[in-house]
Amino acid sequence: MALRAYAGLVRKYGALDFSKIVAERILRRLTGGALSAVFFRRAMKSGVVYFGEHLGARQGVMRRHFYMYSLACQEIARDRSHRFQVLEVGSYAGASAITWALAIRERHDRPGLVICVDPWRNYLSEEDIAGSATPDVLRDMAAALEDGKVFALFEHNVRAAHLSDIISPLKGRFSEVASSVSPESCDIVYVDANHGYSAVLSDLHLAAGLTRPGGVLCGDDLEAQWPDLDRDYCESRVMRDLVVDPKSGEFVHPGVSKAVWDFFGAKVSSWNGFWAMRKTVDGSWAPVTLPAAFSRSQIPIHLKWWKTKAQAGLLVRPRAKVELSSNG
């Protein structure tokens with residue numbers, strides 16, 4: 001079971017990125033976090049983005065950002081009659097916010113905004129942490145959120161990426177601040193916050209009302225769809241962050257899988273854990289076609305390495321360009 005689960009992680013992350021993550025975590029353990037802290041301080045001092053192990057800043061799977069960026073480019077090109085607006089629920093250190101904003105910046109003919117909703121405070125109980133398949137990761141996140149360092153890193157990363165004019169933080173729980181966003185005003189709503197079933201389902205209901213007809217509701221961490229899991233096993237664990245599913249042998253977020261299934265009542269369009277559905281004019285939901293063949297070279301540049309983005313002492317401004325192809 002353990003070997004199957006870790007083989008699944010290699011497939012999900014890609015062998016190269018997975019090996020980098022493992023190497024940095026080993027070094028972090030050997031040095032008590034000192035090496036990660038050095039990379040972090042270097043980034044903060046140099047004014048470059050940081051998405052490494054320190055403060056749990058390396059969130060999510062890098063290759064998923066290729067699909068996120070591709071989706072944003074596709075949606076920006078669909079309609080130029082209004083300002084393009086992305087609402088992101090769960091931002092942490094800003095990696096996905098920068099991905100959305102880079103797609104907007106790439107299109108000079110259409111202005112846009114990324115609204116980032118996050119309380120930037122700890123929401124994880126000791127029970128949440130202990131019940132996860134990766135308790136050390138969640139414990140680090142909880143500690144970082146507790147003292148406010150994550151929000152400071154988010155602000156730093158947005159400034160370092162030169163995207164402060166596009167990215168706007170909205171501090172608070174989604175249920176507390178959703179009313180600040182006009183109904184059906186968002187072209188993309190991205191849900192990646194608390195992974196417990198009830199939290200995800202609540203976020204989806206709120207997000208649906210803010211998604212523009214013709215727009216896309218999407219999210220992260222759908223490693224496997226609910227019918228494909230051992231539902232008896234996962235049903236009793238839907239409030240846990242991450243478990244190993246006995247049927248698939250994969251690390252999965254059972255709360256995400258069940259909430260997405262219960263909300264849509266069908267399988268959704270998905271790419272390596274990133275999922276999306278389009279809101280129709282009558283309020284129903286339809287699959288999303290994403291004609292982009294994955295290319296590792298076109299992962300947004302702010303996520304290509306895990307320490308900093310400095311080359312020969314020069315600041316590298318995060319930029320990305322994804323070519324959409326009907327062959328994918």
Side-chain angles (χ1 to χ4, degrees), residues 64-65 67-91 94 96-118 163 165-193 199-222 256 259-271 274-292 322 324:
R64 289 178 187 165
H65 288 254
Y67 298 107
M68 293 164 61
Y69 186 87
S70 300
L71 174 69
C73 289
Q74 175 176 280
E75 296 306 299
I76 290 168
R78 282 171 60 88
D79 180 5
R80 297 184 178 87
S81 63
H82 58 272
R83 181 180 69 171
F84 189 79
Q85 184 159 288
V86 177
L87 176 64
E88 176 176 272
V89 184
S91 296
S96 51
I98 291 174
T99 294
W100 301 122
L102 286 172
I104 292 171
R105 172 143 294 172
E106 200 67 32
R107 295 299 299 252
H108 303 291
D109 57 340
R110 189 177 184 189
L113 178 69
V114 181
I115 302 171
C116 297
V117 174
D118 198 305
L163 293 167
D165 58 326
I166 296 177
I167 296 174
S168 176
L170 185 57
K171 207 170 185 180
R173 295 186 183 277
F174 192 27
S175 58
E176 299 167 346
V177 301
S179 60
S180 301
V181 182
S182 299
E184 297 191 334
S185 63
C186 301
D187 299 278
I188 292 176
V189 182
Y190 173 71
V191 176
D192 184 24
V200 178
L201 191 60
S202 174
D203 287 347
L204 290 175
H205 280 289
L206 287 171
L210 301 177
T211 306
R212 186 187 303 278
V216 172
L217 174 56
C218 59
D220 199 7
D221 296 309
L222 187 70
V256 174
V260 170
W261 174 259
D262 286 353
F263 181 81
F264 292 103
K267 287 191 173 183
V268 299
S269 307
S270 65
W271 307 266
F274 171 63
W275 63 267
M277 292 290 277
R278 188 177 304 284
K279 187 176 184 178
T280 65
V281 292
D282 64 2
S284 61
W285 299 93
V288 172
T289 300
L290 191 58
V322 172
L324 294 182

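Everything numeric here is computed off the predicted structure, so don't read it as measured data. The first residue in the sequence is number 1, and the count goes up from there.
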Taking the side chain as C-beta and beyond, is there a heavy-atom pair between [X] and [Y] under 4.5 Å?
| X | Y | result |
| --- | --- | --- |
| F84 | I188 | yes |
| L87 | F174 | yes |
| I167 | E88 | no |

Can you check whether [Y]'s main-chain N or O pairs, donor with acceptor, with [X]'s side chain at less than 3.5 Å?
| X | Y | result |
| --- | --- | --- |
| T280 | S284 | yes |
| R107 | I76 | no |
| R212 | K279 | no |

Task: Parallel, tilted or perpendicular: ring planes of H205 versus F263, cut at 30 and 60 degrees - done: perpendicular
- [ ] Measure up the W275 and F264 rings against each other and bin them: parallel (under 30°), tilted (30 to 60°), perpendicular (over 60°).
- [x] perpendicular
- [ ] Mind checking the OG-OH spacing from S91 to Y190? Nearest 0.5 Å is all I need.
- [x] 9.0 Å
Open item on the list: Any carboxylate oxygen within less than 4.0 angstrom of a Lys/Arg side-chain nitrogen, looking at E75 and R278?
Closed with: yes
Open item on the list: With a 4.0 Å cut-off on N to O distance, would you call D203 and R173 a salt bridge?
Closed with: no
Task: Heavy-atom pair of closest approach, residues V114 and A101 - done: CG2-N, 3.9 Å
Open item on the list: For G112 versus R83, what's the shortest heavy-atom pair and its separation?
Closed with: CA-CG, 3.7 Å
